[in-house]
Amino acid sequence: MYDGGKIIAGLLIGLVLLTFPFWYNLGKAAKLPEPKLAPEAQKAKQCVESKEYMAAHHMQILNKWRDDVVRKRYRIYIGLNGKEFNMSLQNECMKCHTSKKEFCDQCHNFVDVKPYCWECHLEPKEAKEGK
Amino acid sequence: MSFNLAFYSALFGVLGLVGIALIGLGAHLQLVFGVIIPYVAVILFFVGMIRRVVIWGKCPVPFRIPTTSGQQMTSLPWVKRTLADKIESPSNNWWAALRVATEVLFFRSLFRNLKVNLTKDGPKISYFSSKWLWLGAIAFHYSFLVVLLRHLRFFTQPVPGFVHLLDQIDGFLEVGLPQVQISGFLLLIAVTYLLIRRIVVPQVRYISLPADYFPLFLIIGIALSGILMRYWFKVDVVAVKKLTLSLVHLHPKIPQEGIGWIFYVHLFLVCVLFAYFPFSKLVHMAGIFLSPTRNLPNNSRAVRHINPWNPVVKVHTYEEYEEEFREKMVEAGLPVEKPLEEKE
Ligand code: HEM
């Protein structure tokens, strides 16, 4: 009449499912991303915009660049401190951030995004040393 | 309660919550809004849910509540019994579980929602099926589920494969950067529909209370702040994930990078939702599994269910009656089951 056994079993199943994030991660130390600035970027000292702005908004910049180039034929972007940039994923971003693996992928694997850009755009050749 | 009171008290309640989060951030209470309140909310959620289910579990359910259709049971094999009948009137626990599952997954009862219409020419009643509420409810619940599952990418490391698959399906339009995810917008549209329905359908509006508007405004607030955060007021998602992972690892730490204000508004509204959940009508998440009209087999004819608190009734069975009056019955020529024993 009370079906206590079934209710407790159901309650336990519900609790196990809902606490998934707490037990799934048990014993797994999270590897925090460490995007490495390539020497080319270090030499340039600054990115297109401020570092904080880039961390949150870089996909929006890429989107704007893409639209500006492909739809409006603009090529020049005025960035931080009036510096001019050629609006190009391969030829600008990746000129400074020469390693996709050491830079972009570091963060992207952490937050689980896999931009599909590289289906068409070429990623820079990774340096071979020791890997 | 008047419509205005119910509607505006809920609306300003949610706006007030947004204000509280903003004031808290202004006072640099990141630790309170990023760590303490989330933990309190999660604890309230689980303790509240368990308490609620235990209260329900203590309610005795002595009888079955058979629904009218599909009553014919297995004892009459010549009565045709379709699959729908077997689900509608389950004969054992497995069929009853299936009935609950159709309720949970497809909102089967809501699908049979009817609308009554009184025609003007001559008082005639007509019923026709009304699926809009069902459609809105399905869209709302499933998009909510998908959004929630996709959020697991903030709470797991490594992120399980199904979350990424869901992300890809949800973003298959490949529009914009960050990619537009359909479920977030569908959630906002569906919950807005549910709100509008409450306002414009006179009967529903009449019975609506703050407790009906508040969860709707709260979820609208959550979806809106989430969408604004993803597509417009960007935040540093790496910092967000550092915080959320530290929370589930039970080593809470506010990342020093700093996260935009809108994240804390989103998170605070979510915390209020979680904390409010077990104490409001939203507990139907657990309650649906405990609906006696749905989760018990309709075996009232096959099995005798006895109410345990029936008062003890003194009965005089026929056997006892005959035992007492057998001689007189035989004398009067009445038939008896056991003949009189011959006296020696
Ligand atoms: C009731 C639960 C929640 C609901 C319904 C919800 C809803 C949403 C929605 C609709 C979006 C828009 C983007 C999308 O579709 O993914 C979003 C984004 C977001 N939510 Fe939530 N949310 C919930 C809980 C949380 C929690 C607990 C956190 C973190 C502690 C969180 C953090 C975020 C973040 C960081 C984004 C931005 C994602 C991005 O920029 O890619 N949400 N949320």
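These numbers come from the heavy atoms of this one structure, side chains and all, not from hydrogens, waters or symmetry mates. Chain naming here is simple, since letters A, B, ... match the order of the sequence lines and numbering starts at 1 in each.
- In this structure, chain B has heavy atoms under 4.5 Å from both the backbone and the side chain of A/Leu18.
- Contact count versus chain A (heavy atoms, under 4.5 Å) is highest, among B/Met49, B/Met285, B/Lys242, B/Glu257, for B/Lys242.
- Of the two parts of B/Pro160, the backbone and the side chain both hold a non-hydrogen atom closer than 4.5 Å to a non-hydrogen atom of chain A.
- Residue B/Phe45 touches chain A through its side chain alone, counting heavy-atom pairs closer than 4.5 Å.
- Cation-pi check for B/Lys58 over A/Tyr2 is not met; the charged atom does not lie both under 6.0 angstrom from the ring centroid and within 45 degrees of its normal.
- The contact between B/Asn93 and chain A is made entirely by side chain atoms (from C-beta outward), counting heavy-atom distances below 4.5 Å.
- Annotation: side chain of A/Lys114 is not in contact with side chain of B/Gln168 (no heavy-atom distance under 4.5 Å).
- Note that CG of A/Leu11 and CH2 of B/Trp56 are 11.0 Å apart. Values are rounded to the nearest 0.5 Å.
- For B/Gln179, the part lying near chain A is the side chain, with the backbone staying farther off; criterion is any non-hydrogen pair under 4.5 Å.
- A donor-acceptor pair under 3.5 Å is formed between the side chain of B/Lys241 and the backbone N or O of A/Phe110.
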Quiz prompt | Residues A/Val113, B/Val237; criterion side-chain contact (heavy atoms from CB on, under 4.5 Å); working and verdict | solution = CA-CA 11 Å; A/Val113 286; B/Val237 177; over 6 Å; no
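- Going from atom CD1 of A/Ile7 over to atom CZ of B/Phe289 covers 12.5 Å, rounded to the nearest 0.5 Å.
- In this structure, A/Asp3 and B/Leu296 have side chains that are in contact, with non-hydrogen atoms separated by less than 4.5 Å.
- In this structure, NE2 on A/His57 lies 9.5 Å from CG on B/Asp236, to the nearest 0.5 angstrom.
- Taking CG of B/Leu177 as the reference point, atom CH2 of A/Trp65 lies at 13.0 Å (rounded to 0.5 Å).
- With rounding to the nearest 0.5 Å, the separation of CD in B/Gln157 from CG in A/Asn109 is 8.5 Å.
- Of the two parts of B/His249, only the side chain, counted from C-beta on, holds a non-hydrogen atom closer than 4.5 Å to a non-hydrogen atom of chain A.
- With A/Tyr24 contributing its side chain and B/Pro158 its backbone, the two residues share a donor-acceptor pair below 3.5 Å.
- Taking each heavy atom of B/Arg153 and A/Val111 in turn, the nearest pair found is NH1-O, 3.0 Å.
- Within the 3.5 Å criterion, the main-chain N or O of B/Phe155 finds a donor-acceptor partner in the side chain of A/Asn25.
- The line from OH of B/Tyr231 to CE of A/Met59 is 11.5 Å long, rounded to the nearest 0.5 Å.
- Only the side chain of A/Phe20 comes within contact range of chain B, with at least one heavy atom under 4.5 Å from a heavy atom of that chain.
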